[in-house]
Amino acid sequence: MTDPTERPGSDTPPAAEEPKPSFEGEAVSGHHRALTPEEAAAMDEKIRKVELAISLVLRIGVVVSVAVVATGLGLMFAHHAAYVPIRGHFSYHQLTSRTTPFPHTFSALGHSIARGDGRGIVVLGILILILTPILRVAVGVLSFIYEKDPPMTIVTLYVLVVLIGSFFLAGV
Amino acid sequence: MCDCTYNRTVTPLDFVVSLALISVAAGVLGSLIGLGGGVVIVPTLTLLYHVDIRLAIGASIVSVIATSSGAAAAYVRERMTNLRAGMFLEIATTTGAVSGAYLTTLLPARFLFVFFGLVLAYSSFATFRRRHADAPLTVSHDRIANYFNLHGSYFDAAEQREIPYKVVGTKPGLALMYVAGLVSALLGIGSGALKVPAMDSAMHLPMKVSSATSNFMIGVTAAASAGVYFIRGQIDPIIAAPVAAGVLLGATVGARVLGRVASKTVRLVFVIVLVVISLEMLQKGIFP
């Protein structure tokens with residue numbers, strides 16, 4: 001190895017140009033050279049789109065699930081007059097004991113929602129909440145395909161497969 | 001045990017409103033330090049409301065996912081989250097969660113509580129020790145981090161500047177993330193308590209980025225086991241509804257705060273909460 005300080009202005013390439021900070025570390029996998037400013041700008045724009053897409057998916061999941069949960073909760077109180085009074089004699093313990101009935105299979109959930117039962121609608125909202133991170137991983141896979149980054153695409157695809165597999169293993 | 005203090009019954013409405021308010025606090029705290037809020041939700045439900053532990057754990061899983069999605073929606077948009085590192089490390093957490101589901105019958109829970117209580121005690125110490133060595137790295141010779149380009153930068157609103165950082169220690173990071181996934185499947189706890197130290201101490205991500213990225217990841221780890229909790233009937237709607245709504249509100253608010261809080265404060269709050277969780281786990285293992 002030659003000491004680069006001994007040969008200033010030689011044909012050795014200059015130390016890789018520092019990428020601009022907002023961009024640093026956001027190139028695709030396996031890139032070993034600094035990107036040209038045009039490439040960097042294009043990549044930056046792509047990454048911004050991906051970030052906004054992932055953020056949007058999470059936001060939609062959150063808003064929809066809160067709306068459904070709130071509707072279900074409202075119906076629960078609307079259908080059961082005994083729940084409402086602040087000074088009533090009906091304790092919440094009757095709703096949170098081991099024996100409290102609530103839907104925890106998909107068929108029971110379907111029947112419950114069909115009847116317009118508040119409990120079923122709350123559970124539906126919670127399931128939407130549970131599905132949100134999984135949907136986010138799916139968007140991640142699409143994002144890395146869009147960024148043309150095969151290593152990260154494989155990584156996220158693996159995560160998605162394991163996640164979906166875990167649901168089947170659980171017997172859902 | 002009777003909670004008819006002042007000679008009155010706690011009605012479902014009282015329960016829902018009070019639990020929703022506590023959940024808002026859990027959401028703020030969880031989003032700020034990268035945990036799922038289970039540390040607040042489980043003791044509240046079991047000790048204050050005398051709810052069955054199985055239902056409390058089901059509510060805790062709901063709280064983890066709510067914190068994660070609520071906070072991450074904001075953190076990702078503000079570029080606080082390291083998306084690439086988070087998604088890369090999810091390989092280890094999801095694999096850990098699935099293997100944990102198999103191991104759950106093999107290992108005695110008491111032993112696990114003691115073991116992870118000690119692990120968390122050590123990580124709280126390790127996180128605390130790094131309080132003066134907070135400067136981000138400028139070079140990395142970690143081949144995995146360089147290949148997948150896991151480095152990043154974020155805008156620190158407290159310091160009013162963009163802070164670039166390099167990532168190291170992906171191998172110990174992956175190992176710790178695997179354990180984090182394993183623990184969340186085995187013990188039903190949110191595993192942010194292990195994820196934040198893995199990123200902060202082992203991989204040298206800045207504290208706020210560790211917290212935001214942990215928030216981003218815990219939802220996926222929890223979702224991997226949430227199906228089981230639903231089928232086992234641990235998701236009680238009257239508990240889950242106020243928890244989900246309250247935590248989502250709290251996490252959305254908390255996510256607006258993180259940028260403006262000093263890293264040191266985030267670190268100290270995290271260490272205190274970690275000590276509490278560690279003591280809670282040791283207590284469960286030693287005096288069940």
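Each chain gets a letter, A, B and so on, in the order the sequences are listed, and its residues count up from 1.
If you measure heavy-atom distances from S143(A) to chain B, you find no contacts under 4.5 Å at all. Only the side chain of L127(A) comes within less than 4.5 Å of a heavy atom in chain B; its backbone stays farther off. Heavy atoms of I91(B) lying under 4.5 Å from chain A belong to its backbone as well as its side chain. Within the 4.5 angstrom heavy-atom criterion, only side-chain atoms of V16(B), from C-beta onward, approach chain A. Both the backbone and the side chain of S69(B) come within less than 4.5 Å of a heavy atom of chain A. Looking at V137(A), the atoms closer than 4.5 Å to chain B (heavy atoms on both sides) all sit in the side chain, from C-beta outward. Both the backbone and the side chain of I130(A) come within less than 4.5 Å of a heavy atom in chain B. Within the 4.5 angstrom heavy-atom criterion, atoms from both the backbone and the side chain of V220(B) approach chain A.
Options I134(A), I126(A), T132(A) differ in how many heavy-atom pairs under 4.5 Å they form with chain B, and the most are formed by I126(A). Across V66(A), L129(A), T156(A), L73(A), the residue that shares the most heavy-atom pairs under 4.5 angstrom with chain B is L129(A). Per-residue counts of heavy-atom pairs under 4.5 Å with chain B were compared for V50(A), V69(A), V57(A), V62(A); the largest is that of V62(A). When the candidates I239(B), I235(B), V17(B) are compared by the number of heavy-atom contacts under 4.5 Å with chain A, I235(B) comes out ahead.
Applying a 4.5 Å heavy-atom cutoff, the residues of residues 241-249 of chain B that approach chain A are A241(B), A244(B), L248(B).
The aromatic ring centres of Y75(B) and F216(B) sit 6.0 Å or more apart.
Heavy-atom minimum distance, A74(B) versus A255(B): CB-CB, 3.7 Å. When all heavy atoms are compared, the tightest approach of L150(B) to N82(B) is O-ND2, 2.8 Å. Between V123(A) and P237(B), the closest heavy-atom pair is CG2-CG, 3.9 Å. Summarising the geometry of Y229(B) relative to S184(B), their closest heavy-atom pair is OH-O, 4.5 Å, with the distance given to 0.1 Å. When all heavy atoms of A92(B) and M177(B) are compared, the closest pair comes out as CB-CB, 3.7 Å. When all heavy atoms of L258(B) and A212(B) are compared, the closest pair comes out as CD2-CB, 4.4 Å.
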Evaluate S99(B) against Y178(B) for side-chain hydrogen bond (donor to acceptor under 3.5 Å, both in side chains), listing each step before the verdict. CA-CA 9 Å; S99(B) 32; Y178(B) 177 80; 2.8 Å; yes

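The only member of T221(B), T213(B), T93(B) that meets side chain to side chain donor-acceptor pair (under 3.5 Å) when paired with K195(B) is T221(B).
Here R48(A) pairs with E51(A) in a salt bridge; the nearest charged N to carboxylate O distance falls below 4.0 Å.
One N or O on the side chain of N215(B) and one on the backbone of S31(B) form a donor-acceptor pair closer than 3.5 Å. Between the side chain of S65(A) and the main chain of I128(A), no donor-acceptor pair closer than 3.5 Å is present.
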